[in-house]
Visitor: 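Got a structure here, written out as structure tokens. Questions coming.
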Amino acid sequence: MSPASPPPAVPAPASAVSVVGIGADGWAGLPATARAVLLDAEVLIGGERQLGLLPPECAGRRVSWPSPLRPAVRGLLAAHAGSRTAVLASGDPMFYGIGRALTEELGAGALRVLPHPSSVSYACARLGWPVEDTGTVTLVGRPTARLAAALHDGRRLLVLSADAATPAAVAALLRDHGFGTSRVRVLEQLGGPAEDCLDGTADTWEHPPGDPLNVIAVECRSDPGTLRLGTVPGLPDEAYEHDGQLTKRHVRAATLAVLAPAPGELLWDVGGGSGSIAAEWMRAHPSCRAVTVERDPVRAARITRNADRLGVPGLRVVTGRAPEALAGLPVPDAVFIGGGLTAPGLLDACWDALPPGGRLVANTVTLESEALLADRYRRLGGELVRLAVAQAVPVGGFTGWRQAMPVTQWSVRKPAPEPTDAGPGGSPGLSPAPATTHAPGDDR
């Protein structure tokens with residue numbers, strides 16, 4: 001018995017927008033379903049390169065994305081509402097592609113996504129790298145500095161390139177961060193007839209700019225003496241440029257543990273100093289965000305340099321005095337106060353800005369600020385701890401302990417308000433929920 005024929009491809013309904021992934025192999029690499037959608041479309045939207053891969057038989061009106069693309073998405077789709085519309089995307093539309101923007105504008109139910117193998121899948125197939133063990137960093141529309149956070153000795157990375165100049169920029173960053181011996185391969189036009197691969201190391205990279213459609217494969221190798229930066233909070237103090245205003249390594253690790261960053265969350269770092277708390281908050285996950293507020297312009301500039309160096313160039317630095325400089329900032333999930341606790345209204349402003357469930361952590365070494373934190377602990381609960389660190393140092397021909405200034409730390413989670421019973425003729429009101437951690441004197 002002969003094998004059954006595959007069912008005919010069904011075009012997308014007129015009410016939906018089809019998103020079709022296409023590779024460097026163009027029309028020849030598309031399955032029948034994708035071809036049917038493109039042949040049936042009345043409007044074809046995509047980049048000029050992608051539209052140029054379609055044959056004349058695709059008779060729909062061809063519309064190129066303008067630049068910048070993101071602000072134009074809503075208007076362009078609205079202009080063609082009611083038409084059978086197909087949007088072309090490179091590879092997998094939902095992997096750093098236009099699919100995200102379209103989903104945000106239209107909702108998933110209004111889209112029909114037909115993915116093509118992504119450049120990452122092609123690259124791993126060529127290199128023999130397991131996809132699940134390979135890190136991916138995109139530099140499309142993003143600063144090269146963000147690659148620094150992903151550099152670890154022995155790690156394999158795929159870098160999604162912005163253009164033909166990206167490989168040289170990546171090699172320069174690797175050299176600058178002590179990874180000059182890393183092997184670098186540039187895979188061009190993956191899956192197409194002009195596929196090619198350039199090979200070398202970061203410290204000897206001399207290849208001229210090639211094809212703009214490329215993916216960069218990096219096998220990270222640290223140079224001898226390169227400072228090792230781990231994946232958990234508490235980076236070496238030497239990782240930061242500072243003038244002494246730095247939350248030291250062990251206290252910083254304890255502070256980040258209490259702040260407990262989670263993917264997508266936003267931190268306010270008030271009294272940024274060198275920016276170490278905000279930088280390591282953002283290094284916890286690529287989607288973590290932070291705003292640091294620093295009144296000294298010199299220190300504010302230093303925070304920016306530290307953020308770039310540590311691979312979190314998205315750290316927003318606000319130069320100004322808190323609490324005034326906090327006005328208009330997006331609602332935080334957590335707030336850290338590392339300086340300026342005695343400024344009138346600062347603690348209240350930070351507390352008021354937090355939503356229910358938000359966390360506040362404040363560190364101090366002065367008696368005046370400690371008294372302020374003890375009062376808030378009495379009123380709001382939370383945890384009040386003293387962190388003391390001592391280091392072994394030479395004492396003549398022997399070794400002794402040198403005690404650093406102890407740090408008093410108050411941490412608290414903002415409770416959700418509880419509705420109160422309405423009195424006669426009254427209306428329900430809201431009152432603060434009791435603190436989740438015992439306050440002093442609570443003997444439960």
Side-chain angles (χ1 to χ4, degrees), residues 6-55 57-125 131-132 134 136-138 140-142 158 160-161 190-192 213 215 263-264 286-287:
V10 179
S15 59
V17 172
S18 298
V19 190
V20 180
I22 189 169
D25 49 358
W27 186 255
L30 292 176
T33 302
R35 291 187 181 187
V37 167
L38 295 173
L39 288 168
D40 183 66
E42 297 171 317
V43 178
L44 298 161
I45 304 176
E48 292 186 7
R49 181 186 65 80
Q50 297 156 347
L51 292 171
L53 296 172
L54 301 182
E57 290 79 7
C58 294
R61 180 188 174 197
R62 303 190 182 199
V63 180
S64 297
W65 286 116
S67 181
L69 185 153
R70 188 62 177 86
V73 170
R74 179 185 294 270
L76 198 55
L77 292 175
H80 299 287
S83 300
R84 293 191 301 278
T85 300
V87 176
L88 289 170
S90 294
D92 186 345
M94 303 306 297
F95 185 72
Y96 294 110
I98 190 64
R100 175 174 182 168
L102 295 175
T103 302
E104 291 171 354
E105 292 293 339
L106 301 178
L111 297 178
R112 181 188 185 189
V113 180
L114 303 175
H116 190 274
S118 70
S119 58
V120 166
S121 295
Y122 271 120
C124 286
V131 177
E132 68 272 17
T134 302
T136 302
V137 178
T138 179
V140 180
R142 297 165 175 84
L158 289 177
L160 306 185
S161 186
L190 280 164
L213 190 64
V215 175
S287 65

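FYI, side chains are in, hydrogens and waters are out, and symmetry mates aren't considered; it's all heavy atoms of this structure. Start at 1 with the first residue, then count along the sequence. Keep in mind the model is a prediction, meaning the values are calculated, not measured.
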Visitor: Could you pull out all donor-acceptor pairs under 3.5 Å where a side-chain atom in residues 46-53 meets a protein atom, sequence neighbours excluded?
Guide:
residue, atom, partner, partner atom, Å
R49, NH2, S90, OG, 2.9
Q50, OE1, G47, N, 2.9
Q50, NE2, S90, OG, 2.9

Visitor: side-chain hydrogen bond (donor to acceptor under 3.5 Å, both in side chains): which pairs involve residues 94-103, sequence neighbours left out?
Guide: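 Residue pairs with at least one partner in residues 94-103: R100-E104.
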
Visitor: Measuring from atom OG of S18 to atom CD1 of I45, what distance do you get when rounded to the nearest 0.5 angstrom?
Guide: 11.5 Å

Visitor: Side chains of V63 and H80, heavy atoms from C-beta outward: is any pair under 4.5 Å?
Guide: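 Sidechains of H80 and V63: in contact.
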
Visitor: As an exercise, state the distance from CG of L158 to OG1 of T138, rounded to the nearest 0.5 Å.
Guide: 11.5 Å

Visitor: Using a 4.5 Å cut-off on heavy atoms from C-beta on, say whether the side chain of L190 contacts that of L213.
Guide: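 L213 vs L190: side chains apart.
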
Visitor: If you define the side chain from C-beta out and look only at heavy atoms, does anything of L106 sit under 4.5 Å from V17?
Guide: yes

Visitor: If you apply the rule side-chain contact (heavy atoms from CB on, under 4.5 Å), what do you find for L88 with L38, and how did you get there?
Guide: CA-CA 9 Å; L88 289 170; L38 295 173; 3.8 Å; yes

Visitor: Taking the side chain as everything from C-beta on, heavy atoms only, tell me whether V20 gets closer than 4.5 Å to V113.
Guide: no

Visitor: Out of curiosity, L76 CG to W65 CH2, how far, rounded to the nearest 0.5 Å?
Guide: 5.0 Å

Visitor: State, yes or no, whether a side-chain contact exists between C58 and W27 at a heavy-atom distance under 4.5 Å.
Guide: yes

Visitor: Could you measure the distance from the CZ atom of R61 to the CG atom of L44? Nearest 0.5 Å is fine.
Guide: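 R61 CZ to L44 CG: 11.0 Å, rounded to 0.5 Å.
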
Visitor: State, yes or no, whether a side-chain contact exists between V37 and L114 at a heavy-atom distance under 4.5 Å.
Guide: yes

Visitor: Using modelled atom types only, decide if a donor and an acceptor are shared between the side chain of R84 and the backbone of D40 within a distance under 3.5 Å.
Guide: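 Such a contact is found between R84 side chain and D40 backbone.
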
Visitor: At their closest point, which heavy atom of G191 faces which heavy atom of D25, and how far apart are they?
Guide: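 Heavy-atom minimum between the residues: O-CB, 3.2 Å.
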
Visitor: Taking it one step at a time, do H116 and I22 satisfy side-chain contact (heavy atoms from CB on, under 4.5 Å)?
Guide: CA-CA 6 Å; H116 190 274; I22 189 169; 5.5 Å; no

Visitor: When you measure from the side chain of S287 to the backbone of G264, do you find a donor-acceptor pair of N or O atoms at a distance under 3.5 Å?
Guide: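 Pair found, side chain donor or acceptor close to backbone of G264.
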
Visitor: Once rounded to the nearest 0.5 Å, what's the spacing between atom CZ of R112 and atom OG1 of T85?
Guide: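 Going from CZ on R112 over to OG1 on T85, the span is 14.0 Å.
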
Visitor: Within this structure, what is the OG-CG distance for the pair S121 and D92, rounded to the nearest 0.5 Å?
Guide: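 Result: 7.5 Å between the selected atoms.
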
Visitor: Looking at R74 and R70, would you say the former's side chain and the latter's main chain have a donor-acceptor pair under 3.5 Å?
Guide: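 Looks like no, no N/O pair under 3.5 Å.
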
Visitor: If you apply the rule side-chain contact (heavy atoms from CB on, under 4.5 Å), what do you find for L160 with V137, and how did you get there?
Guide: CA-CA 6 Å; L160 306 185; V137 178; over 6 Å; no

Visitor: Are side-chain heavy atoms of Y122 and V215 found at a separation under 4.5 Å?
Guide: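 No; the side chains remain at least 4.5 Å from each other.
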
Visitor: Between V140 and S161, is the side-chain contact (heavy atoms from CB on, under 4.5 Å) condition met? List the steps.
Guide: CA-CA 6 Å; V140 180; S161 186; over 6 Å; no

Visitor: Please name the pair of heavy atoms, one in P93 and one in P115, separated by the smallest distance, quoted to 0.1 Å.
Guide: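 Closest heavy-atom pair between P93 and P115: CD-CA, 3.7 Å.
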
